[in-house]
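Heads up, the thing below is written out as structure tokens.
The sequence lines fix the lettering, A, B, ..., with proteins before strands; numbering per chain opens at 1.
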There are 2 protein chains.
Amino acid sequence: MEFKEAKNKFVQTWGALGSQWGINKTMAQIHALLMVSNEAVSMEDIMEELQISRGNASMNLRALMDWGIVYKEYKAGERKEFFTAEKDLDELAVKISRERSKREIKPALKILKEVSTIEAKDSAEEKHFVDQTSKLYDFVLKADNMLDKITEFNDNWLGKLVMKIMK
Amino acid sequence: MEFKEAKNKFVQTWGALGSQWGINKTMAQIHALLMVSNEAVSMEDIMEELQISRGNASMNLRALMDWGIVYKEYKAGERKEFFTAEKDLDELAVKISRERSKREIKPALKILKEVSTIEAKDSAEEKHFVDQTSKLYDFVLKADNMLDKITEFNDNWLGKLVMKIMK
DNA sequence: TTAAACTTTCAAAAATAATTGAAACTTATT
DNA sequence: AATAAGTTTCAATTATTTTTGAAAGTTTAA
């Protein structure tokens with residue numbers, strides 16, 4: 001396989017994986033493209049490589065920057081903007097975890113707490129509901145805290161964590 | 001908040017959360033409904049509660065069973081089928097991890113391996129591509145193995161893991 | 001202060017994904 | 001072996017999400 005083919009395959013695969021995890025395909029593709037580029041890329045070039053419109057590129061670059069995993073760069077003497085991706089994978093994972101926690105898990109936890117604290121009367125049905133949603137609340141809270149803890153680790157948390165699990 | 005309202009809120013929230021993680025809303029809603037039901041539920045009742053068609057219910061129940069997190073049950077003297085969800089949350093997490101690994105991560109890893117092993121010639125661009133995709137391959141492989149390891153644990157792996165991380 | 005270079009916004013269009021519903025299929029009962 | 005009870009399938013429809021493209025906005029430079 002030659003370079004261009006491999007690069008394209010990678011970008012497509014990353015895009016597909018993104019879709020399956022609720023991340024818009026183009027957003028994942030742009031991210032993939034920037035991850036494997038050794039220098040900052042202009043919007044023009046992104047549009048060209050991915051065959052997408054200016055609006056699409058602009059909106060998804062903004063989203064990636066909101067996630068904190070893509071940065072804007074300015075080159076001396078150049079008017080246009082260039083973009084680079086966070087290339088450190090530990091850092092990338094931490095940022096994605098943080099964002100998903102903030103945007104999705106925290107709000108879900110709030111609802112889970114609300115519904116798990118209704119007064120359960122005496123029917124078995126209602127008791128089971130309260131019991132199950134309480135357990136779910138505890139579980140999700142614990143999982144979410146685990147992500148927070150990981151965030152606090154320094155370099156190579158994944159490696160360290162794997163060591164701990166193995167032992 | 002009264003029971004019916006809480007139950008509905010829970011089902012809607014779980015459905016929305018599913019969507020955000022690439023799981024069809026109805027599938028997540030059916031799962032939510034079964035999780036908080038203290039007894040097996042018929043397709044008829046699922047259709048009624050979620051206001052969905054028979055086809056939709058049938059297809060999503062099949063999908064949930066393929067994931068191994070919903071089971072069919074038969075009641076003596078009743079011709080129709082009833083459904084229950086896996087209610088043990090550790091077991092649920094393990095099964096979801098396994099399926100997503102098998103369906104999405106493993107195939108992605110295969111591609112990652114392919115593209116990271118092209119011959120890198122001498123351009124800095126190609127070298128960076130190979131370097132970055134190799135790192136990504138290692139990272140994803142490690143994360144995926146971590147999920148496998150979790151699978152092997154027995155009860156309450158999440159709690160145990162949290163203890164390990166804390167220490 | 002004007003124009004050029006570039007970016008953002010957002011309503012409309014296109015693409016994708018989910019849902020319906022009725023026919024086909026399966027299994028149990030008379 | 002005919003009918004009834006129930007389930008599955010899938011082409012067509014509907015809903016949702018993504019993408020486009022052009023107008024509006026912004027910034028820099030002459």
- Item | Closest heavy-atom pair and its distance - A:Ile118, B:Phe3 |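 Minimum heavy-atom contact is CD1-CA, 3.8 Å.
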How many angstroms lie between [atom1] in [X] and [atom2] in [Y], if you round to the nearest 0.5 Å?
| X | Y | atom1 | atom2 | answer |
| --- | --- | --- | --- | --- |
| A:Glu73 | A:Glu78 | CD | CD | 12.0 Å |
| A:Lys9 | A:Thr13 | NZ | OG1 | 7.0 Å |
| A:Gln132 | B:Met35 | CD | CE | 5.5 Å |

- Contacts of B:Ser19 that satisfy side-chain contact (heavy atoms from CB on, under 4.5 Å) - sequence neighbours left out: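 Result, side-chain contact (heavy atoms from CB on, under 4.5 Å) vs B:Ser19: B:Lys25.
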- Message: I'd like to know if A:Asp138 and A:Lys142 make a salt bridge, using a cut-off of under 4.0 Å between side-chain N and carboxylate O.
- Response: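 Answer for the salt bridge query: no.
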- Query: A:Glu48 CD to C:dC6 C1': how many Å, rounded?
  - Reply: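 Those two atoms, CD and C1', are 18 Å apart.
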- Which residue pairs pass the side-chain hydrogen bond (donor to acceptor under 3.5 Å, both in side chains) test when at least one of the two sits in residues 96-110 of chain A, sequence neighbours left out?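 Of all non-adjacent pairs touching residues 96-110 of chain A, those that pass side-chain hydrogen bond (donor to acceptor under 3.5 Å, both in side chains) are A:Glu99-A:Lys102, A:Glu99-A:Arg103, A:Arg100-A:Glu104, A:Ser101-A:Lys106, A:Ser101-A:Asp144, A:Glu104-B:Trp21, A:Lys106-A:Asp144.
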- Task: Report, as yes or no, whether the 6.0 Å neighbourhood of atom CD on B:Glu91 holds more than 12 heavy atoms from other residues, nucleotides or ligands.
- Result: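 Yes.
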- Query: For residues 40-57 of chain B, which residue pairs qualify under salt bridge (Lys or Arg N to Asp or Glu O under 4.0 Å), counting only residues two or more places apart or in two chains?
  - Reply: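 For residues 40-57 of chain B: B:Lys7-B:Glu49, B:Glu44-B:Arg54.
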- If a protein heavy atom is under 4.0 Å from the base, mark B; if only from the sugar-phosphate, S; if neither, -; do that for nucleotides 14-21 of chain C going 5' to 3'. ----SBBB
- Query: Which residues, if any, of residues 74-81 of chain B bring a heavy atom under 4.0 Å of DNA chain D?
  - Reply: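 Those residues whose heavy atoms fall under 4.0 Å from DNA chain D, taken from residues 74-81 of chain B in numerical order, are B:Arg79, B:Lys80, B:Glu81.
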- Query: Under a criterion of less than 4.0 angstrom to any heavy atom of chain B, what are the 5'-terminal and 3'-terminal contacting nucleotides of DNA chain D?
  - Reply: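 On DNA chain D, the outermost contacted nucleotides are D:dA4 to D:dC10.
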- Between the side chain of B:Glu86 and the main-chain N/O of B:Gly68, is any donor-acceptor distance below 3.5 Å?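 No; zero donor-acceptor contacts below 3.5 Å.
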